[in-house]
Each structure stands twice: as C-alpha cells, then as structure tokens.
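Input: a single structure, listed below in structure tokens.
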Amino acid sequence: MVSKEIFITGLITTDHIVIENGGYKSYLGSIGGGSAANVYFTLKTFNTPAKLIGAVGEKKPYLSKVAIKDFINDLDENIIYHSKNSETREYYHIIERKNGTWRHKFSSASPFSNSKQSFSVQLRKSYFFKKFNDSIMSCAIFYLDRLSKGLLELAEIAKKRQIPIIFDFGTISTRYLKTNLILKAIKMANIIQIPKNIHEFLRSQLEFKKLQDINPNIDIWVLTDGSNPLKAYHSKIGEIVMDIPHLDNTIDSGGAGDAFMAIMIRQIYFLRKDNKKIIDMDRGQFEVFIKNCIENAKKACMFIGSRTYLYEYIESRNKFRSLNDYFSNYEYNGNNIEKSKALIENYGKRIQEINDSMNQRINKENLKLKKGLNQFESNLLNISKFIPYVLEKTVESLNIKDLGGSLILIGSGASFSVAKAIQQIFSPPNNVLSTYSFTPYQYILKINENYPICIISYSGTNNDVKSCFKKAKLNKSKKIYLLTSNRDSVLSKQVEKHTGGKVFYINTYKSEKGFVGVYSMIGNICVLAKILLSNNWKSEYSEYLSEKNLHKLINSYIVKMSKKIQLIKNKNPSIKNHIVALGTNWAEPVLYDLESKIVESNLGTIEISELKNFTHGRYVNLYKNPENRLVLIFKTPETENLTDFLTEKLSKIAPTIVLETKKESFLGMIDLFIQMLVFINELGKIYHQDPSKPGFPEAAKGLYNWNGLL
C-alpha cells in the first residue's frame, strides 16, 4: 500500500530579514520563506509526512540555495521545478519598531537599494501535471496557498479522488476575482482559512452572508483577525469564538498564519489516519483543535522571521515530553530578539549582495551627516558593530567565589580606564566582590599579597603588564587572569600555562587603527563586566549594547554634539581650550578617560575634579582665568540637582557643555563613555586634527619602552 502524505502547493521564497528601529535598518540574514514552504517545513519538523510542490529559479543560485536549504535532504521526495531562466522569488521581511511596538511587512523592493526582483519564477503547468498525476495515489490531503488556473486544475484532480482540499486565503490577491477563481476555490474547498479583511471584501463582492452559503459541504472555516478573537465554524457544531491570548513579548507576527495552518493540517491528517472523521468532533475537541493552532501561531510571533521559532524548537525539542506538551505548556522566554539573530545566523545565510547595498546606504548616510570621515570617527562608528560582536564571541563565565571576595584590576593607558570602570561597577557596598584598580607600576610598588589579579592588555605585548605577571607569580597570587585580543603573545601563553591562570580572549573581527583606543576600550569594559556580573547580567544590557541601538545612539550624539560644540566655535577655534571636566561616581571612569584622550590626542589642556569637590575652592582658577576655558560636566540621574546648580553658575564664566545620561549605573557609564568619545571627535573636527593620530615629538620617542619594572 502506498504511504499517504500531505501535498503542500504554493510559494517557495527567500526571505531577507531586516530590523528597522528609529530609521536604522539592520540586515540579519536570509532564510527560506513562502507560506507553502513554511507549512511544509513545520509539518516535517513535527514528524508529519508531507510533499512540497513549488518552483525555484536558478538564475541567482544563492537565492535558490537559501530557499530550499531547510529541506535539501528531502528534495528528491518533493515536486520542485528548477527554472533556469528565472529567479527564485525573494522578499524583504522587515520588522519595524515603532511607538514601542513591533510591526512587520513584506516587500519585494530592497530597503537598502530600492531595487526590485525581476524574472520571478513561474509554475510550469505541464511539468506539474505529470509529476502530480504520477504521485497522486499517495496524497491524503491537498493544501494550496495560492490561486491560479493551473493550481485549481490540480485541486480538481484531487477533488475527483475525494481528497480533502484546504485553501489558505491569507496571502491571496483579490485580483483573482476577475476570473472567478476565488468563487471556484470556495466551492471545492473542504477547509478554508481566511483573514477577516479579505472575508469582508468577498462578502461585499460575492453577496453572501456565510461561506457555507456558497459551499454547504464545507467542513471547517476559520476567520482570523490578528490579535482579536477568531471565529471558527464546524459543520456539526456551528460557529465558535476563540480569544487570542495577549502576548507581551510579540516581536513578529509574519508567519503566524502559516504556523496556525500547519497544526490544523497536522491534526486533520492524524484524525484521518486513525480512521476518525472531522464531523465526529464534539465542541470540546474542536476548541482544543483550534487552541493548538493558536498556540503554535503564538510561538511564531515571539521570534523574528516566519520560521525562526522552529529552529529554536529543533534545538530544544528534548525538553518536551510530547508535541502536545510543547503546545500546551512550553513558553519561549529570554531575549528572543538576540536569540532570533543567533538562529538566523546559524540556520540562514548573509548574502553579500545585500550586505554591500546595506553598507553603501550606511556610508552614504554617514557621509551626508558629516563630511570627511577620519580614522577616529571611523573607529567611533565601529563601536556599534564591535561591542555586540565581542560580547557574543568572547564572553566566558567566572566563579566569583573563587576570587575570595577581591580582585585587583591592572591596566595602562586606555586599559586603566577599563580597570576604573570595573572598580566602579563593583564598588562597595555590593556584597559580591571588592575590586581595586592600579596601573602596572602602582601594582608592582604597592602589592605584596597573593590577591587574585586581572591584567588588561589589548595586545598582550606591553612590557609593563608582563612585569605584573612576574610580580603576581612572586606574590603567589591565587588567580591570574588576562583580558587580551592576542592569544599568540608570550604573555597569553605564560598565563595559560600557569596554575590558576586563565586567558579571556577578546575575539576581534578587525584591528583598531590609530594610537588613541576607542572601541577596544569600551569592548573590554563590556566583556569584563559580563564575565564578572555572570548571573546578574541583565537583558536590558544586551539590548542596549545591540548593533542597532548603538548605531542609532552614536549617530544621534554626533548630530547633537555638533550643535553643542558651537560654543567653542563661537570663541576662537584657532586656540585650543583648557577644559575643566567634572563628574562623580558612575562618571568617574569616563572622567579619567577624557583626561587621557585630551592629553594623548593633543586637543588642549585639561583638569578634572570630582563634582562636589570642585565647589571647595577648585573653581578659583576658572574664575580668575576664564579665557579659553571650557567646562564639561557629566550629569547622571543621581547628580541632577547639583549639576543644574553648577551649570547655572559656571556658564556665566565660560562655555559649559553638559553630557547627560538618563540611564542608571552600568548603562549610564557606557552612555557617558560614548558621549565623551563623540565630544573628542567633534573637538578634533574644530581643530582639523584626527584625535587618533596625534604625532609624536622626536625628543619623546622611547619613553614608552623603559623596561626597568621587574
């Protein structure tokens, strides 16, 4: 006897997944799509026999490869026409964040280049009729997501053999009314799914009250209306109304209809396989029948992309006792935006052609925003890509209990700012860990106990930090950690071999150019914070440090800073300013790094002070020498009142710029770091100088290379 299977007929496409947030578009990657292909893949994922009938084009092989990637192993079992002269259909699946909610749309035009697909593949009637007739004996159910004359003729063949016909009207166009195809489809269907807006349009055009007025033999129809209650009809039970559960974590409802239909088809298939009839269901069974469909649709809404939730199911299915357990009890949780990105990257493919057009658009926007990109600005803009990359690729866990309650952080230059930042995160009272920051020379001179240490060195070749490792060994330190990007350095290998030693490797996808560090510094802070915070790392941190948010943030600060910096332009831009910088608590590490950036970049002179301590006489110099003074104040939520007081007073003496964050604690610190770097960048533009390339006085060469520490 020929084994029975479900025939799924319709579109096979490639979906390019794009997130749009605040005008910034981020291309995540491309995965298979199309309603028929989504339904087919769902059925196969849930161990249901199915055959896919559709077409792909071979004119752009990378499109067809992505479109059929999810069922490449089943290709010989399906009826797939490969057209040599056409292209696989492609759509841009755009998920937009607007007014606090996510919305989706599908477009055949690229949001990056506005180019549209061409030579779209068409179904070849003669090919399908032969293949369909050859295999129809194995058909148990026939499902269509498209209406065309050829596909309806296939449905008629199935109907004559008393095979149940399921029509999905969720993706059709009302233009088919011109040839009466919709009316024909309703008359032959056993089961119909139709969105409310299409249903209402058809009612006005075809003048019916209910679908059974056109087809009295219809078994089931389902009328969907987004997140509003759906209406379902059963020929024995009549109509029922089912509520759609409210979802706080809805991201993308694209593909929810396909997820709904796949479970409906699966349930009908197994009813028939068990020699049961749809007509014999009672009301309770029918409600469970619809509820299972809703549950699968609900899960599809929690991930970006039409079938990404299935990838999560594939990776997690050992957690479920049964498929019913998955429908009834299992809730996806966590940061499904980040999870979606990882799944799309793992199961899909980034297409270079789209990457190129996206980068061209971004470059055009950046060039329009500001003329003449220099190296420092390039590094600054690169923060948005670098931080999410290193967080994903390099973060490891660390058992804080092994540290015995304390950790010494050691770094020089920008790495000392990293050490100060981590010290601020774990400053008492935190009841978890006490951290202390030192430069290498301070550590060697002051510490003779066996405290755990963490050396921060991006290159791992600095002689000063090498000396710290020697000192730590002399001290017989309990633990020696190294945070570095250079696994091949002598220091990395020594730490790895040392008992109690461990290297946290910052896996960078590119090297930072220029003398003054930008993205490596902030990247080190974020990675080390995540390692040490361990279970206390919050999902809001990851969301804030995502590429889309950082890109938007940096560019918005560039626009705002260029306006603030007019205060300097209004004075004498040919003479560099003396900067008076004030901040406290979470702003303190930023204050230290600002001082190093101004000095190392040769962008003026600077004095820094704790915010309140400045009021104890340190203001005298400013009031008596106001010429070419610039006041820069770091404002946090906890210092709002004092900052406003100081701004009012000091702005009467010298131009005063306030860099303000609305964020608390760790995120507030990162926010201020970014604003500070944007400030440095804009200062460089005023002085026509690249901050990353200060130039070195001939007489000063060799200062860095003194080897007399240990």
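Starting from 1, each residue takes its place in the sequence as its number.
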**OP:** Could you walk me through whether Y143 and F7 pass the ring pair (Phe, Tyr, Trp, His ring centres under 6.0 Å) test, one step at a time?
**Re:** CA-CA 6 Å; Y143 164 88; F7 279 33; over 10 Å; no

Does any part of the side chain of [Y], heavy atoms only, come nearer than 4.5 Å to the side chain of [X], both counted from C-beta?
| X | Y | answer |
| --- | --- | --- |
| P245 | I294 | yes |
| I522 | L677 | yes |
| T13 | T88 | no |
| D145 | N38 | no |
| W102 | T250 | no |
| Y326 | N296 | yes |
| L310 | F303 | no |
| I344 | Y311 | no |

Of all heavy-atom pairs between [X] and [Y], which one has the smallest distance, and what is that distance?
| X | Y | value |
| --- | --- | --- |
| L202 | I194 | CD1-CD1, 3.7 Å |
| F260 | I290 | CE1-O, 4.3 Å |
| L144 | A155 | CD1-CB, 4.2 Å |
| A185 | L152 | CB-CD2, 4.0 Å |
| G170 | Q193 | N-NE2, 3.9 Å |
| S107 | I94 | CB-CD1, 4.4 Å |

**OP:** Before giving the answer on ring pair (Phe, Tyr, Trp, His ring centres under 6.0 Å), spell out for Y541 and F666 the whole-Å C-alpha distance, their side-chain angles and the decisive distance to 0.1 Å.
**Re:** CA-CA 8 Å; Y541 294 171; F666 171 66; 5.0 Å; yes

Using a 3.5 Å distance criterion without hydrogens, assess whether the side chain of [X] forms a donor-acceptor pair with backbone atoms of [Y].
| X | Y | result |
| --- | --- | --- |
| S204 | F201 | yes |
| R350 | Y27 | yes |
| S83 | G57 | no |
| T14 | L63 | yes |
| R266 | T48 | no |
| N382 | S378 | no |
| S113 | S110 | no |
| N78 | I80 | no |

**OP:** I would like to know whether Y309 and L343 meet side chain to side chain contact (heavy atoms under 4.5 Å, CB included); could you show each step before the answer?
**Re:** CA-CA 9 Å; Y309 77 104; L343 290 167; over 6 Å; no

Subject >> Salt bridge flag under 4.0 Å for residues K25 and E20 >> reply: yes

**OP:** Could you tell me whether K299 and E295 have a side-chain N and a carboxylate O separated by less than 4.0 Å?
**Re:** yes

Do [X] and [Y] pair up side chain to side chain, a donor and an acceptor below 3.5 Å, judged on atom types alone?
| X | Y | value |
| --- | --- | --- |
| Y557 | N681 | no |
| E90 | S108 | no |
| H104 | S253 | yes |
| D15 | Y92 | no |

Hey, what do you get for [atom1] ([X]) to [atom2] ([Y]), rounding to the nearest 0.5 Å?
| X | Y | atom1 | atom2 | result |
| --- | --- | --- | --- | --- |
| H551 | S546 | NE2 | OG | 12.0 Å |
| K339 | M302 | NZ | CE | 10.5 Å |
| I354 | H16 | CD1 | NE2 | 3.5 Å |
| D258 | I263 | CG | CD1 | 11.5 Å |
| Q675 | S556 | CD | OG | 8.5 Å |
| H199 | I192 | NE2 | CD1 | 9.0 Å |

**OP:** Dump the intermediate steps for side chain to side chain contact (heavy atoms under 4.5 Å, CB included) on N190 and I218, then the final yes or no.
**Re:** CA-CA 5 Å; N190 298 93; I218 197 166; over 6 Å; no

Original post:
Would S135 and K51 satisfy side chain to side chain contact (heavy atoms under 4.5 Å, CB included), going step by step from the backbone distance to the final call?
Top reply: CA-CA 10 Å; S135 58; K51 184 188 291 287; 4.2 Å; yes

With [X], which residues qualify under salt bridge (Lys or Arg N to Asp or Glu O under 4.0 Å), at least two apart?
| X | value |
| --- | --- |
| E96 | none |
| K663 | none |
| E543 | none |
| E315 | none |

Subject >> All side chain to side chain contact (heavy atoms under 4.5 Å, CB included) counterparts of S26, not counting sequence neighbours >> reply: Y24, L28

Original post:
Using the benzene-type ring in the case of Trp, are the ring centres of F142 and F132 under 6.0 Å apart?
Top reply: yes

**OP:** May I ask you to check whether F320 and Y313 place their ring centers less than 6.0 Å from one another?
**Re:** yes

Mind checking whether [X] and [Y] have parallel, tilted or perpendicular rings, split at 30° and 60°?
| X | Y | answer |
| --- | --- | --- |
| F386 | Y519 | tilted |
| H93 | F106 | tilted |
| Y127 | Y81 | tilted |

Original post:
Checking salt bridge (Lys or Arg N to Asp or Glu O under 4.0 Å) for the pair K298/E331: CA distance, chi angles, key distance, verdict?
Top reply: CA-CA 10 Å; K298 183 175 79 172; E331 292 289 346; 3.0 Å; yes

**OP:** Could you check T45 against F41 for side chain to side chain contact (heavy atoms under 4.5 Å, CB included), going step by step and ending with a plain yes or no?
**Re:** CA-CA 6 Å; T45 301; F41 185 55; 3.9 Å; yes

Original post:
For K59 and E87, what are the C-alpha separation, side-chain angles and deciding distance, and is it a salt bridge (Lys or Arg N to Asp or Glu O under 4.0 Å)?
Top reply: CA-CA 5 Å; K59 201 161 185 181; E87 298 171 8; 5.5 Å; no

Original post:
Would one find more than 12 heavy atoms of other residues, nucleotides or ligands at under 6.0 Å from atom CG of N318?
Top reply: yes

**OP:** Any salt bridge (charged side-chain N to carboxylate O under 4.0 Å, His left out) involving residues 37-46? Give me the pairs, sequence neighbours left out, ordered by first then second residue.
**Re:** K44-E77

